[in-house]
Amino acid sequence: MDYRIVSADAHILEPKDIWKTWLPAKYRDRAPQLVKDAEGGDAWLFAGATEPDPIGLTATPGMPFDQFRWTGVTYDDARAGCYSGRDRLKDMDTDGVDAEILFAPQRTIGHFLGDDDDEFVLAGVDAYNSFLTEEFCSPDPKRLVGMIQIPSVGIDVSVDYLLKAAARGARGVVISNWPSGRDTLSDDDEPFWAAAAETGLPVCIHINLFSRRQRQAVRAAARKAAEAGHASLYGGKENKANARAVAGLGGVFASVPGTIGQLIFTGVPERHPGLHISMIETGVGWIPHFLEQIDDRYWRNRSWGNIPISEPPSYYWFRNFSATFITDRNGIANRHGVGLDNIMWSTDYPHHGNDWPYSRKVINETMGDLPADERAKIVAGNAVRIFGLNR
C-alpha cells in the first residue's frame, strides 16, 4: 500500500456497548458505567472516581474551537467515526489520512490496569484487545492499525502477551506501566525488553507510566479530596478546576524525559540494540534540549557514575527511540535535533487536539517549506518503517 499520510497516534471513543459485547458477563457489574454528567452529556464512571468523566473533549472532530466543551456532549453529538471503525475509514478518507496507529482510551484502560484482582485486569485488557482487533480494526487492518495493550499483573504475563501479539501479526504493543508491574524500572523488566527486541515489535508508551499501586493511590487521594469538599470539575469551584485541568494539558510531556533517561542510563538499549520504544503524544520540540543536557551530564559524570553504556546517551535516542507530535512548530523547526528518522506526525483523532478534516491543510501550513523527502518521513515514512506497515 502506498502510505502518503499516516497518523502515528489516534484513539477510539469506546462505543456504548463495548463492555456488554466484549467483557465476560461475570465482570460487567465492575466495568466502567455509562452515566450522565452534570449537564446531561454522556460520561463514563471509572473505578475510584467520585464523579464521572465526560466524553466532551474525546469527541471533537468537526467542531470549531469555540464549541469545545467538557460536559454536555452525548454520543449522538459525536461523529460515528469516533467509535466505529467503518465510519472512521470514511473520516480518514475525508481527511486524506491513509492509516492510523490506534491506542486505547487511557481513562478506560486505566480502570482495569489499576484493579487489585488479576483476573479482572486480564478480562478487561482482553476485552479491549478483542474489540480493537475483531471489531474496530477489522474493516481494514492495513489502515486501522491497533496497538495491543499489555496488562499490569507482572513480567511473565507481559512477555506472554507480547509474544502472542507478535505471533498474531500485531504491529506493536503499548505499555501503561513498567512490564514487571513495579513502580520504577528494574532488572525484572529485562525479559520483556529482550522479547520485544527479538520479535521486532515496537513498544509504545503513551505519555506516562503508572503502576497498579500508583493508580490505586491516586484513586484513594481523589476520594479523600472529594470527602473534604475540595474543588472538582463541577460545583461552585468549577471554573478554577477547569482552568487547572487545561493548564496541565500543555505540560503532558513533563514526566517523559525521566522515563527516557532511566531507560538509556540503565543500559536497556545498550543491551538490546534491536529494541524500539516510541513515545506517543509527547511532542518533540523539547527533545533537542533534553538530548544536549543528558549528553552533557554523561560526559561530566561518567568517571564515577558507573553508567553501563558505551556511547553518549543521545546515540541511543537516535537508534532506539521515536516520538509523535500533533501541533509542534518548534519541533518541526528543530527536526534535525530531534532526528529526521525519529519524529512522527499525528492527528490525535478524535481527541480535541485533532484538526479534522483539515489535516492536509495543517501539514501544508506547518511543513510546506520542508524538503519533500523530509516531510515524507515525518508524515508517513517513519511510521511505515517503525510499525512495519508494509511488512
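These numbers come from the heavy atoms of this one structure, side chains and all, not from hydrogens, waters or symmetry mates. What you see is a predicted model, and the numbers here were worked out from it, not measured in a lab.
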Distance check, rounded to the nearest 0.5 Å: [X] atom [atom1] versus [Y] atom [atom2]?
X: Glu292; Y: Arg297; atom1: CD; atom2: CZ; answer: 9.0 Å
X: Glu374; Y: Ile332; atom1: CD; atom2: CD1; answer: 11.5 Å
X: Phe103; Y: Ile109; atom1: CZ; atom2: CD1; answer: 13.0 Å
X: Arg391; Y: Arg171; atom1: CZ; atom2: CZ; answer: 4.5 Å

Co-membership, hydrophobic cluster, residues [X] and [Y], 4.5 Å side-chain:
X: Met279; Y: Phe192; value: yes
X: Leu144; Y: Ile5; value: yes
X: Tyr298; Y: Trp304; value: no

Stepwise, does the salt bridge (Lys or Arg N to Asp or Glu O under 4.0 Å) test hold for Arg79 with Asp87?
CA-CA 8 Å; Arg79 295 188 62 80; Asp87 289 289; over 6 Å; no
Distance-only donor-acceptor check, side chains [X] and [Y], under 3.5 Å:
X: Asp91; Y: Thr94; answer: no
X: Gln216; Y: Arg212; answer: no
X: Glu281; Y: Ser346; answer: no

What residues form a ring-ring contact (aromatic ring centres under 6.0 Å, His included) with Trp193, not counting sequence neighbours?
none
Do side-chain atoms of Ser138 reach the backbone of Glu135 as a donor and acceptor pair under 3.5 angstrom?
yes
Within the side chain of Trp317, is there an N or O that forms a donor-acceptor pair under 3.5 Å with the backbone of Leu291?
no
Verdict with supporting geometry, Glu14 and Tyr128, side chain to side chain contact (heavy atoms under 4.5 Å, CB included)
CA-CA 9 Å; Glu14 56 270 48; Tyr128 168 75; over 6 Å; no
Angle class for the Phe46/Trp44 ring planes (parallel below 30°, perpendicular above 60°, tilted otherwise)?
parallel
Mind checking whether Phe112 and Phe120 have parallel, tilted or perpendicular rings, split at 30° and 60°?
tilted
Identify whether the distance between the nearest side-chain nitrogen and carboxylate oxygen of Glu190 and Arg271 falls below 4.0 Å.
yes
Considering only NZ, NE, NH1 and NH2 on the basic side and carboxylate oxygens on the acidic side, decide whether Asp373 and Lys377 come within less than 4.0 Å.
no
Applying salt bridge (Lys or Arg N to Asp or Glu O under 4.0 Å) to Lys16 and Asp42, what does each step give before you reach the verdict?
CA-CA 10 Å; Lys16 292 188 287 186; Asp42 288 326; 5.5 Å; no
